[in-house]
Amino acid sequence: MIENLVIVESPAKAKTIEKFLGEGFTVKSSFGHIRDLSKKNLGIDIENGFEPHYTISEDKKKVVSELKTVAKRASTIWLASDEDREGEAIAWHLKEALELSESNTKRIVFNEITKDAIEHAISNPRKIETNLVMAQQARRVLDRLVGFELSPVLWKKVRPKLSAGRVQSAALRLVVEREREVLAFEAKSQYRVVAQFIPNGESQESMVEAELDCKFETEEEAIALLERCKGASFKIEEIEEREGSRTPPPPFTTSTLQQEASRKLGFSLNQTMRYAQSLYEAGHITYMRTDSLNLSKLSLAAAKGAITELYGANYSKVRNFKTKTKGAQEAHEAIRPTYLSNQTVEGTAQEKKLYNLIWKRTIASQMSNAKLAITKIEISSPKLQNSFIATAERLIFDGFLRVYSESKEDEGDSQELATTLPQLDIGQIMDPIAIKAIERFSQKPPRYSEASLVKKLEELGIGRPSTYASTVSTLHQRGYVIKESRPGEKREFKEHTLMGNEISLKVKSQVSGAEKGKLFPEDIGILVNDFLSENFSSIVDYNFTAEIEAQFDKVAEGSLVWNQLIDKFYRPFNKLVEETLAQTKHATLERVLGKDPVSQKEVIVRMGKYGPLAQIGSADDSDKKFVSLAKGQLIETITLQEALKLFELPRVVGSYNDQEIVCAIGRYGPYLRYKGKFISLGKENDPYTINEQESIDLIEQYFERERKKVILSLPKIGVEVLNGRYGPYIKRGKDNFRIPKGIEAEGLTVEKIEEIIEKQIAKKSKK
DNA sequence: CAGTGAGCGAGCTTCCGCTTGACTT
């Protein structure tokens, strides 16, 4: 017999809490939800009030039976799942699945893991809030109905194995609509006028850069301004000095951690979450799936202590941040180091980097504002209506900036002017050295990165911290989007310069709009999005989640019955599904590009069985030709020239030792085929233009690599030491083995190899 | 590893949110 059984969601949390509770308490974990709607069929009895059919998830059967055994021997069971809708439901499912009795089951909640908070929770137990559980049930049932009715529509009308859902389809729509905005964007040019002045009598070092407080739409206006500047005298009209301040950003939530780890460390969403999970399990940070900005009182005090010790008391400022996120449930704390006195922790290089980022952000959030002295100087001339403005920012007190500054995505190329200014007085004569009218183009909207898509989803209240990463993964897995980098476009711009009394023109060029690691829609993503937008606009509406959440809140308050809400949603939705199935044609994506100048046949691009393709000749043409579109080409935007070019491959490049060399593009990119071997073309080589000699070089390099591949061959023990992509490794049959650091592959002996293999097999079986 | 593109049809696919391993490279 044990006295008390406490059940929480996470095993790492269980470990910590057990320490706080001590004697008489056993703490176990449910590992999240233990039951879910049946995977077979819909799992919902629609005709019977949408009665859900719950089953214990396959991977939770062991956990549940274990919990059941322990619960039977406990005198009191404390259900301590998270304090939010999902947590309340987990408590209820536990009660049902473990067959706990009302009399000795208590529901407790705490949203920070401290001794005080837990003891307070234990002395203030309550009952399970059935209304909140029913709100979760409504959420679950609605998502199942949407997902399991919409997806089959896509299978029938678009292509099998596709998927749609409340969250993923809204996310997809964001990516597709942004792409269309980018494609429709037309850059507009403007002229900004920038001047370099030297205060009269001073040296080159005192140069001041200033910008005219007016921009011009046309080149003529800009030149006219320069003309007026000829022979003009300038003086300082006004000097304005004021103090500014910057406040630190709040501590991390899941979404902001993902954004900053992406920008500052280059981590993908999945990487960030994996490293954060390790840090959490090692006890280094608090829970990493949270939407809360709250920090425990203890940690506030710890932050104050750490800041005072490291930087001095004037750097400390205790702050409480309030979340502005729609639908935030705040069941946990913000993401912070468990012990703020630890500036670094043990772990892999990536974990250390992520920890350091979390430490800095948390500490910064509890630091003083940065103070700036902002100086603005107005330089004017009697010949001009407008003035030149020079601004400078000087840091008076660094405050939180000493530790951390938030980074921005897509900062654009608007360069900042000088940040320091020489000592100057009103009335000072300023000699213009050069005045330039520079053409500038407006920037196209940036495509989403994984992290900025999450940011947008969070703003719209769509999805939860535990699902942001997996939602984006789904878009990838379905082939809806692709993460890519694309070079910017080179654009020419004009620069008119007035020096002395001469105005000269230079045409310069600049690369802008480069995209790194951004999300681009694929044809199938566009097709699915357009189909859903056309037929199920209410579901992919960005406000759908927010509106339905308001209804769930009513269920939680007890003013609305959950299955009445579902009924009201489902009847019209289901009607729409049935109508779409009956009435709409199979969705296609097809464009006629024009005529092939050689055969005079029609060239079309369309969606084929295996993806987008270009086709010469109509469907009834027995000689029609096909070719797959290249990566990055869209049916919506490909041109006739681009499509015709695709048909140039495969082509015979030449020959080598009397054998033909053929160049083509396959599933894994461009390649050369020579004597039955496939040799990948690097990024430097263009499959359309590579010549015979370049191909032969590649082929020779390939055979050279092949020769070097085998470092050692030991047929007696069936082992080879090979040179692989990641350096030398040991190969025995199908199995590969790492060579430990510091051991030279060339000098390996049979004994040493067997030792390495044995060690690694032992290590593996241990796991 | 490096190619496909007709039509038929059985059997399968799929959601969101809460949690970790168990798998592979």
Side-chain angles (χ1 to χ4, degrees), chain A residues 8-14 29-37 39 41-44 57 59-60 62-63 81-82 84-91 93 136 139-156 159-169 273-274 277-278 280-281 287-289 329 331 462-471 474 477-478 539 545 606-615 619-620 622 624-628 649-650 662-673 676-681 687 724-726 729 736 738 764 767:
Chain A
V8 295
E9 291 180 38
S10 146
K13 202 167 164 180
S29 139
S30 76
F31 293 82
H33 273 295
I34 51 159
R35 299 202 305 185
D36 191 16
L37 295 174
K39 284 245 187 296
N41 310 323
L42 197 58
I44 301 164
S57 318
D59 54 337
K60 298 293 164 58
K62 218 177 127 194
V63 178
S81 44
D82 295 346
D84 59 14
R85 197 165 64 201
E86 297 297 327
E88 201 68 17
I90 290 175
H93 281 295
Q136 191 276 346
R139 200 279 304 154
R140 181 67 193 93
V141 166
L142 180 122
D143 281 335
R144 170 58 68 89
L145 288 170
V146 171
F148 275 37
E149 293 216 358
L150 274 192
S151 300
V153 177
L154 294 180
W155 305 341
K156 290 189 187 90
R159 187 200 282 177
K161 293 191 184 179
L162 298 174
S163 65
R166 175 178 56 86
V167 173
Q168 60 168 286
S169 298
M273 294 316 283
R274 237 192 339 267
Q277 177 87 30
S278 309
Y280 168 67
E281 283 170 13
Y287 198 57
M288 64 284 154
R289 290 185 274 261
Q329 311 220 356
I462 300 172
R464 302 279 312 135
S466 65
T467 59
Y468 292 140
S470 61
T471 297
T474 301
Q477 281 161 18
R478 300 283 172 270
I539 305 295
T545 292
R606 65 175 176 91
M607 204 59 174
K609 222 160 87 183
Y610 310 102
L613 60 91
Q615 179 180 329
D620 50 13
S622 56
K624 60 182 178 289
K625 289 193 285 185
F626 302 103
V627 63
S628 289
L649 294 181
V662 177
C663 182
I665 296 178
R667 258 174 88 176
Y668 311 98
Y671 65 94
L672 295 173
R673 197 170 61 216
K677 302 267 188 218
F678 295 95
I679 301 152
S680 284
L681 248 55
R725 265 171 76 192
Y726 309 109
Y729 66 99
N736 296 339
R738 236 165 3 91
K764 223 178 182 178
K767 270 187 175 176

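Letters A, B, ... are given to chains in the order of the sequence lines, protein chains preceding strands, and every chain is numbered from 1.
The phosphate of B:dT20 (OP1 or OP2) has a side-chain N or O of A:S10 nearer than 4.0 angstrom. Contact check, A:S163 against B:dC15: a side-chain N or O comes under 4.0 Å of OP1 or OP2. A sub-4.0 Å separation between OP1 or OP2 of B:dC16 and a side-chain N or O of A:T467 is absent. In this model, the phosphate group of B:dC15 is approached by a side-chain N or O of A:Q168 to a distance below 4.0 Å at OP1 or OP2.
Residue contacts shown for A:A164 are limited to sugar-phosphate atoms, with no base heavy atom under 4.0 Å away. Counting any heavy atom pair closer than 4.0 Å across all strands shown, A:P11 reaches sugar-phosphate atoms only and no base atom. The residue A:G165 sits close only to the backbone: its heavy atoms come under 4.0 Å of sugar-phosphate atoms, none of a base. At the heavy-atom level, A:R478 lies under 4.0 Å from the strands shown only through sugar-phosphate atoms. Looking at heavy-atom distances under 4.0 Å, A:V167 makes contact with sugar-phosphate atoms alone, never a base. Base engagement by A:S680 is indicated by at least one non-hydrogen atom pair under 4.0 Å involving a base atom. Among the atoms of the strands shown, only primed sugar atoms or phosphate atoms (P, OP1, OP2) are found under 4.0 Å from some heavy atom of A:R166. Among the atoms of the strands shown, base atoms are found under 4.0 Å from some heavy atom of A:G611.
The aromatic ring of A:F148 sits over the base of B:dT14, with ring centres less than 5.5 Å apart and planes inclined by under 30°.
Side chains of A:S169 and A:I539 form no contact here, defined as non-hydrogen atoms less than 4.5 Å apart.
Of the candidates B:dC18, B:dT4, B:dC15, B:dC18 carries the atom nearest the A:R464 side chain, counting heavy atoms from C-beta on. Closest to the side chain of A:E281, out of B:dT19, B:dG21, B:dC16, is B:dG21. Distances were taken from every side-chain heavy atom of A:Y671 (C-beta onward) to each of B:dG5, B:dT14, B:dA2; the shortest belongs to B:dA2. Comparing B:dT20, B:dC18, B:dG5 by their nearest atom to the side chain of A:H33 picks out B:dC18. In this structure, the nucleotide among B:dA6, B:dT19, B:dA2 sitting nearest to the side chain of A:S466 is B:dT19. Each of B:dG17, B:dT19, B:dA6 was ranked by its minimum atom distance to the side chain of A:Y287; first place goes to B:dT19.
Nearest-nucleotide positions on DNA chain B place A:R140 closer to the 5' end than the other of A:Y280 and A:R140.
If you take atom C1' in B:dG9 and the same atom in B:dT13, they sit 16 Å apart, rounded to whole Å.
Using a 3.5 Å distance cut-off with no hydrogens or angles, the side chains of A:S163 and A:R478 do pair a donor with an acceptor.
Side chain of A:K624 to backbone of A:A619: a donor-acceptor contact under 3.5 angstrom is found.
One finds no salt bridge joining A:R289 and A:D82 here, because no Lys/Arg side-chain nitrogen approaches an Asp/Glu carboxylate oxygen to under 4.0 Å.
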